[in-house]
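Just so we're on the same page: letters track the sequence lines, and every chain starts at 1.
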Amino acid sequence: MRQKTALIPTLRSVAEAEMISHQLLLRAGFIRQVAAGVYTYLPLAQRVLNKISTIVREEMDRIGSQELLMPALNPAELWQESGRYDTYGPELVKLQDRHDRRFILGPTHEETITDLVRNAVNTYKKLPMTLYQIQTKFRDEKRPRSGLLRGREFIMKDAYSFHADRESLDEIYQDMYQAYVNIFTRCGLEFGSVEADSGSIGGKGTHEFMVFSEAGEDKIAICTSCDYSANIEMAEIVIDETSSANDETVAPIEKIHTPNIKTIDQLATFLQVGPNALVKTLLFIVDEQPVMVLVRGDHEVNEVKVKNIMEASTCFMADEQTIRNVTGASPGSLGPVNVKEKITILADQALRGFAQWHIGANQDDYHFLHAVEGRDFEVSKYADLRTIEEGDKCPRCGGIIRFQKGVEVGHIFKLGTKYSDAMKGTFLDANGREQMYIMGCYGIGISRTLSAVVEQHHDEGGIIWPEAISPYAVHLIAVNMKDETQRNLAEKLYKDLLHAGVEVLFDDRPERAGVKFKDADLIGIPKRIVVGSKATENLIELKSRRSGESQEVNADQILTLIQK
RNA sequence: CGGGGUGUAGCUCAGUUUGGCCAGAGCACUCGCUUUGGGAGCGAGGGGCCGCAGGUUCGAAUCCUGUCACCCCGACCA
């Protein structure tokens, strides 16, 4: 490609971009914003996307996954059938056609694929079957940000597998896991896989592929001694050996006046104890039912764990009005004693050893001291309910947990029969009996991967593409196009490279050398050939964008040097 | 969803408090001359319904009302 006519609108400065990848992609002329969270991929970005897609296709095909393409526009009925039309939330883009028929723009395609397969595949003989597509997805994010890292429209690879039995699912899941490792490795990313929550898609057994980066919005808990890593939503807490003996006699429960004490910190100061000696009481609405959750004062409740313990599909904190209705008090004065309504009371396992609890009295400005579980109130269930913290023990090896930020670029799930149940996806087994498909689904954010690569591969001057996904293999720069010798040599090299099948971007613009070099640094093509004043001696420069090292070589050698 | 901020040339922004020769600068773009290995110099040009819609006024980028868009921060731990 000749840069003279290429659409590569580089910029000197960019406001309104926080993330490095966002900034560089804008400045280097890869993307342009069209609306909040919506971007045009300019020619350079499109080339990178194609490279990433090619890698993805190769690895998918290698494990026997077949590519297809489903519509972005989907009838609401399918989503009503699975129930997600109502439960997916406001991120689902809904629209209507001229006849008032309702549609959604797909944020993911379990419904569409299940509908396809239930109609087109009805015998075990075709199983297992894995299908994938690379396509634009839509999610109406409440707050799009970070450029391509969190857009409202983005490119995703999504694969779905259908199985007659669990073992088959486990096998494909393993294949996918390996394929994902291959894909992200080939893209030049430093990444890890972590245990994760399945979110609204449902199902058990899932891994997220996280690219380590400060730009990430996800927190990962990592063990400093072993290779354990998990999304902090999922990371299990190991039970510390129960601390205190329970046979000590505890004073009778006592109500004390605690005016204007609303937080654990205030109560800790008031009582002259540490927050870890107190019990925090929160009210959640889990599948429409109020559930009281108790954790140690210095711990944080993990909503995902609460949801999972209750085997529920939704879980969020109750609003103040609901709290008042259920407990009779406002936030800051809640406790498990004398709850107005009879509700489920969950307690974190760390509280099991508490001989006496200091808790809210369900009456504004009052707390109870010396409450005893079993005497003054009942806990429905003890469980692991808190969020892991830095410094906690690793659930595998007992080492120390640290947090790291990451960008989720891939996610694989074992879905089970969630969708085949909801949508009656069945096939006939060897005995002629109807069976539900067991399903898996596997996603990769293609456009997000592009952005994640930039997060990991750049310097002050711009992007540094890994060779495997660079928009071009070689950047050929003619320092001075007005110099006939330089121009002729550069033109000859350009033709030779093209002829040899090398992807080359040729900077033939009538710009000054400085401009060309700055742009080349920004764009980040790994190999650079500079044709300059030594052209008279048939000498050119071969430079590495990453290391900055350059060597002077005879122009006749260039093809062999480039191709090795 | 809550809070804050910004909309003036392709880009970055000044001008708005105090209404009137305030339609401006730098960069980018076009032409000419010079320059030619790290974002050149001089000269001459082109380009903006001042986000949009109402209103006040003799007169509005500037004041008032409404509206839209975009950016940032936060989102409940009792």
*Asks:* With C1' as the reference atom in both, quote the distance from B/rC72 to B/rG66 in angstrom, rounded to an integer.
*Replies:*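 Roughly 25 Å separates the two C1' atoms.
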
*Asks:* Among B/rU35, B/rC77, B/rG39, which is the nearest nucleotide to the side chain of A/K482?
*Replies:*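 Taking heavy atoms from C-beta onward, the closest nucleotide is B/rU35.
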
*Asks:* Does B/rC21 adopt a syn or an anti glycosidic conformation, taking syn as a chi angle within 90° of 0?
*Replies:*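 Syn for B/rC21; the angle stays within 90° of 0.
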
*Asks:* If you look at every strand shown and take non-hydrogen atoms under 4.0 Å, does A/K543 touch a base, only sugar-phosphate, or nothing?
*Replies:*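 Base contact.
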
*Asks:* Measure the distance from CD on A/E320 to C1' on B/rA75 and round it to the nearest whole Å.
*Replies:*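 After rounding, the reported distance stands at 15 Å.
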
*Asks:* With sugar-phosphate meaning primed atoms plus P, OP1 and OP2, does A/K262 contact a base, only sugar-phosphate, or nothing at under 4.0 Å between heavy atoms?
*Replies:*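 Contact class for A/K262: sugar-phosphate only.
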
*Asks:* Using a 4.0 Å heavy-atom cut-off across all strands, classify A/K516 as base, sugar-phosphate, or nothing.
*Replies:*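 Nothing, no nucleic acid heavy atom in range.
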
*Asks:* If we call it a pair only when both distances are under 3.5 Å in a Watson-Crick or G-U wobble match, what pairs with B/rC49?
*Replies:*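 For B/rC49, the partner nucleotide comes out as none, under the 3.5 Å rule.
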
*Asks:* If the threshold is 4.0 Å, N to carboxylate O, is there a salt bridge linking A/E217 and A/R150?
*Replies:*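 Salt bridge between A/E217 and A/R150, a charged N being under 4.0 Å from a carboxylate O: yes.
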
*Asks:* At under 4.0 Å between heavy atoms, what does A/L283 touch on the DNA or RNA strands: base, sugar-phosphate, or nothing?
*Replies:*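 The residue A/L283 makes base contact.
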
*Asks:* Heavy atoms only, 4.0 Å cut-off, all strands: where does A/A329 land among base, sugar-phosphate and nothing?
*Replies:*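 Here A/A329 touches no strand at all.
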
*Asks:* Between A/R509 (CZ) and B/rG39 (P), how many Å, whole number?
*Replies:*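 Taking atom P of B/rG39 as the reference, CZ of A/R509 is at 14 Å.
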
*Asks:* Check every strand shown and say whether A/V530 touches a base, only sugar-phosphate, or nothing at a heavy-atom separation below 4.0 Å.
*Replies:*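 Touches a base.
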
*Asks:* Write down the partner of B/rU17 under the Watson-Crick or G-U wobble criteria, each distance required to be under 3.5 Å.
*Replies:*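 With both distances under 3.5 Å required, B/rU17 matches none.
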
*Asks:* Could you tell me how far B/rU34 sits from B/rA60 if I compare only their P atoms? Round to whole Å.
*Replies:*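 That atom pair is separated by 50 Å.
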
*Asks:* Taking atom C1' of B/rC76 as reference, at what distance in whole Å does atom CD of A/Q321 sit?
*Replies:*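 So the two atoms are 16 Å apart, to the nearest Å.
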
*Asks:* B/rC22 pairs with which nucleotide, Watson-Crick or G-U wobble, both distances below 3.5 Å?
*Replies:*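 B/rC22 is paired with nothing.
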
*Asks:* In the structure shown, which nucleotide is the Watson-Crick or G-U wobble counterpart of B/rA44, with both distances under 3.5 Å?
*Replies:*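 Matched B/rA44 with B/rU30 under the 3.5 Å cut-off.
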
*Asks:* Assign A/D319 to base, sugar-phosphate, or nothing according to its heavy-atom contacts below 4.0 angstrom with the strands shown.
*Replies:*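 A/D319: no heavy atom of the nucleic acid under 4.0 Å.
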
*Asks:* Using 4.0 Å as the upper bound for N to carboxylate O, is an ion pair formed by A/K305 and A/D384?
*Replies:*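 The answer is yes: the pair qualifies as a salt bridge.
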
*Asks:* Within 45° of the axis and under 6.0 Å from the centre of the six-membered ring of A/Y366, does NZ or CZ of A/K255 qualify?
*Replies:*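 Judged by the rule, A/K255 and A/Y366 form a cation-pi pair.
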
*Asks:* Thinking salt bridges, do A/R386 and A/D348 make one under a 4.0 Å N-O criterion?
*Replies:*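 Salt bridge: no.
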
*Asks:* Output the single nucleotide from B/rC77, B/rU36, B/rA28 whose closest atom is nearest the side chain of A/E300.
*Replies:*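 Nearest to the side-chain atoms of A/E300, counting from C-beta on, is B/rC77.
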
*Asks:* In the strands shown, is B/rA69 matched to any nucleotide by a Watson-Crick or G-U wobble pair with both distances under 3.5 Å, and which?
*Replies:*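 WC or wobble partner is B/rU6.
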
*Asks:* Does NZ or CZ of A/K94 fall inside the cone over A/Y85's six-membered ring, less than 6.0 Å from its centre and within 45° of the axis?
*Replies:*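 Geometry flag: set, cation within 6.0 Å and 45°.
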
*Asks:* Taking the ring centre of each residue, are A/Y472 and A/W465 less than 6.0 Å apart?
*Replies:*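 Ring centroids of A/Y472 and A/W465 are no less than 6.0 Å from each other.
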
*Asks:* Reckon A/S533 touches a base, only the sugar-phosphate, or nothing at all at heavy-atom distances under 4.0 Å?
*Replies:*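 Answer is base: heavy atoms of A/S533 come under 4.0 Å of a base.
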
*Asks:* Between A/Q33 and B/rC71, does any side-chain N or O lie under 4.0 Å from OP1 or OP2?
*Replies:*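 For B/rC71, OP1 or OP2 has a side-chain N or O of A/Q33 closer than 4.0 Å.
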
*Asks:* Tell me whether the OP1 or OP2 atom of B/rG39 has a side-chain N or O from A/R512 closer than 4.0 Å.
*Replies:*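 Checking B/rG39 against A/R512, no side-chain N or O comes under 4.0 Å of OP1 or OP2.
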
*Asks:* Identify whether any heavy atom of A/I359 sits under 4.0 Å from a base atom; if not, whether one sits that close to sugar-phosphate; answer base, sugar-phosphate or nothing.
*Replies:*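 Touches nothing.
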
*Asks:* Decide yes or no, distance alone: a donor-acceptor N/O pair under 3.5 angstrom between the base of B/rG37 and the side-chain of A/E541.
*Replies:*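 Indeed there is one.
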
*Asks:* Select from A/N302 and A/A36 the residue whose nearest nucleotide in RNA chain B is closer to the 5' end of that strand.
*Replies:*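 Taking each residue's closest nucleotide, the earlier one in sequence belongs to A/A36.
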
*Asks:* For A/K518 and for A/R32, locate the closest nucleotide of RNA chain B by heavy-atom distance; then report the residue assigned to the nucleotide nearer the 5' terminus.
*Replies:*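 Its nearest nucleotide being more 5', the pick is A/R32.
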
*Asks:* List, one per line, each side-chain donor-acceptor pair under 3.5 Å for residues 280-291 of chain A, sequence neighbours excluded.
*Replies:*
residue : atom : partner : partner atom : Å
A/K280  : NZ   : A/H299  : O            : 2.8
A/T281  : OG1  : A/L334  : O            : 3.4
A/D287  : OD1  : A/S313  : N            : 3.0
A/D287  : OD1  : A/S313  : OG           : 3.2
A/D287  : OD1  : A/T314  : N            : 2.9
A/D287  : OD1  : A/T314  : OG1          : 3.3
A/D287  : OD2  : A/S313  : N            : 3.3

*Asks:* Choose from B/rG37, B/rC29, B/rC70 the nucleotide whose nearest atom is closest to any side-chain atom of A/E511.
*Replies:*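 When the side chain of A/E511 is considered, B/rC29 is the closest of B/rG37, B/rC29, B/rC70.
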
*Asks:* Does a distance-only test, which skips hydrogens and angles, find a donor-acceptor pair under 3.5 Å between the side chain of A/D519 and the base of B/rG39?
*Replies:*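 Result: at least one qualifying N/O pair found.
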
*Asks:* Measuring only the P atom in each nucleotide, how far is B/rU36 from B/rA40? A whole number of Å is fine.
*Replies:*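 Taking atom P in both B/rU36 and B/rA40, they lie 13 Å apart.
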
